[in-house]
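Atoms within a ligand are numbered from 1 in the order they appear, just like the ligands themselves. Computed from a prediction, not measured in an experiment: that's the story for all the values here.
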Amino acid sequence: MSDTYLNLVNSGVTKKIAKQLGLPQPSPLRRYEPGQPLLQGAVLVLGRGAQSDALAGLLSSDWDLDVHRHATPGTRYSAVVLALTELTHPDQLSDPVLAAGGVLKTLPKGARVVTVSRASRPDDAPAVAAARQGVDGMLRSVAKELRGGSTGNGIVLAEDVPVTAPSVVGALRFFLSTKSAFVDGQLLTIDSSAGALPDDWERPLAGRVAVVTGAARGIGASIADTLARDGATVIAVDVPAAGEQLATVANRVRGTALQLDVTAEDAGARILEHALQRHGRLDIVVHNAGITRDKLLANMAPDTWDSVLAVNIASQLRINEALLTSGDFTDAPRVVSLASTSGIAGNRGQTNYAASKGGVIGMVRATAPLLTAFGGTANAVAPGFIETEMTARIPAVTRQVARRLNSLQQGGQPVDVAETVAFLASPAAGGVVGRVLRVCGQNLVGQ
Ligand code: NAD
């Protein structure tokens, strides 16, 4: 689905007119291509202490980046990393944060600002908690100040997680890369040191078997493409009515197709049977199939409510239960579910959808602990406005407004959601447990 406005304000005369009128000027976002360098210029790593040094060392020695510890006049940094895990008082924020402020005006389009900090806890000394929580507010505000498709995101470490833990490294790479093009203003908590770094960052899912529901089109088809690109064998699931499109996707990713309504009582058993028979294992489940049936609650018919809850949440609970009790989903398994910003912020006319998507967030939080004994995780991705057939059905004026209501002033693409799913499905994300990562361009609604 294309965004005509975005194309117009980035070409010729219409670009000039839009500027003169002070209209929103979204920048086209750069997406990931295999082989693309992680960054296109030097990275400035700010912050003091052994943990900042360890992060800077990782960026320069493991990833071969041009790392500066102080801003060098005349250098255009493609990324700024604020290593803030050792803060004990808000006073210590000023040096690194103001140093970052000093280079913001010179950042090129599509630059990255990433904070690495510690989660504040109820038993922290007040000054420690203030410093830690202060990072969150600062980062969200920086993200709102950035222009030109640049993003700001934060990695928040639980107390005993070292800065070199696989999920910290994986999250840092994800946020620095173009894979996170539409993830903005988000703080991702790393709960544990679990997880493993891939041998090859270009194929982190090699040897893994993944099932993607609702894979015939839209976000699901893009998830299938992206997981396959990352090395996974993909089982594409969708309803029989979408069989032709499903076969096209399955063939494209050199995977297999399974025609299945996810609301079927035996859906979990059928997915597992297909995976074991055709591919010998199952490692990753992406619950992407979803529907909307929007109505104001005052006008909601029982069927309209029930059908959305059945597809969007009840099916996921039933499939997860079948997999978790099977004994065949135990090798660092990954469950990644599609939530929605509507499930966080609410949306008029979407009580049924928001109940189901809020339900997904609760479900992953409660499912994750059931998987940790096997090195497994369950997490959710909450898209904001993504350009798909689902959102193409929104009336034109509402759609035009909805896609501008975020810091990047545009809708995301299915691939933006897919890249985030692929990150959470990867071995490096083993320390992200029961979390929700929003892919919404820092949507103005919701927290
Ligand atoms: P879409 O309507 O384009 O595709 C959904 C797919 O799910 C379709 O192929 C459909 O046939 C399949 N499906 C529906 N019911 C099914 C069932 N019972 N069994 C098997 N397959 C079924 O939707 P999309 O925009 O690609 O959305 C994908 C997911 O992302 C959904 O869960 C949606 O709620 C979520 N999401 C989308 C957006 C957005 O802006 N597009 C925003 C937030 C969340």
Arg217/Glu389 salt bridge by N-O under 4.0 Å criterion: yes

Atom indices of ligand 1 within 4.0 angstrom of Tyr353 heavy atoms, with elements: 33 (C), 34 (O), 35 (C), 36 (N), 43 (C), 44 (C)

Atom indices of ligand 1, in the order listed, that fall short of 4.0 Å to a heavy atom of Ser340: 43 (C), 44 (C)

N-O pairing of Arg278 and Glu273 below 4.0 Å: no

Proximal candidate to atom 12 (C) of ligand 1 [heavy atom criterion; set Val286, Asp238, Val381]: Asp238

Per atom 42 (C) of ligand 1, closest listed option by heavy atom (Gly384, Ala241, Ser307): Gly384

Lys179 NZ/CZ over Phe174 ring centroid, <6.0 Å and within 45° of normal: no

Shortest reach to atom 41 (N) of ligand 1 by a heavy atom, considering only Asp261, Thr388, Val239: Thr388

Proximity flag Ala221 to ligand 1, non-hydrogen atoms under 4.0 Å: no

Contact check, Lys357 vs ligand 1, heavy-atom distance below 4.0 Å: yes

Sub-4.0 Å heavy-atom contact, Leu260 with ligand 1: yes

Within-shell test, Ala339 vs ligand 1, heavy atom, strictly < 4.0 Å: yes

Cationic N near anionic O, under 4.0 Å, Glu419 to Arg31: no

Gly218: numbered ligand 1 atoms lying under 4.0 Å from its heavy atoms: 26 (O)

Min N/O separation Gly220 to ligand 1 under 3.5 Å: no

Atom indices of ligand 1 within 4.0 angstrom of Ile291 heavy atoms, with elements: 14 (C), 15 (N)

Option set Asn288, Leu338, Val237, criterion heavy-atom distance to atom 31 (C) of ligand 1, minimum: Asn288

Contact with ligand 1 for Thr213, non-hydrogen, under 4.0 angstrom: no

Electrostatic pair Arg334:Asp283 at N-O distance under 4.0 angstrom: no

Atoms of ligand 1 close to Thr391 [distance to a heavy atom under 4.0 angstrom, numbered from 1]: 39 (C), 40 (O), 41 (N)

Atoms in ligand 1 flagged as close to Ile386, the criterion being non-hydrogen separation under 4.0 Å: 39 (C), 40 (O), 41 (N)

Option with minimal heavy-atom separation from atom 1 (P) of ligand 1, where the choices are Arg217, Arg393, Arg403, Glu389: Arg217

Atom pair CG/OG of Leu187 and Ser117 - distance to nearest 0.5 Å: 7.0 Å

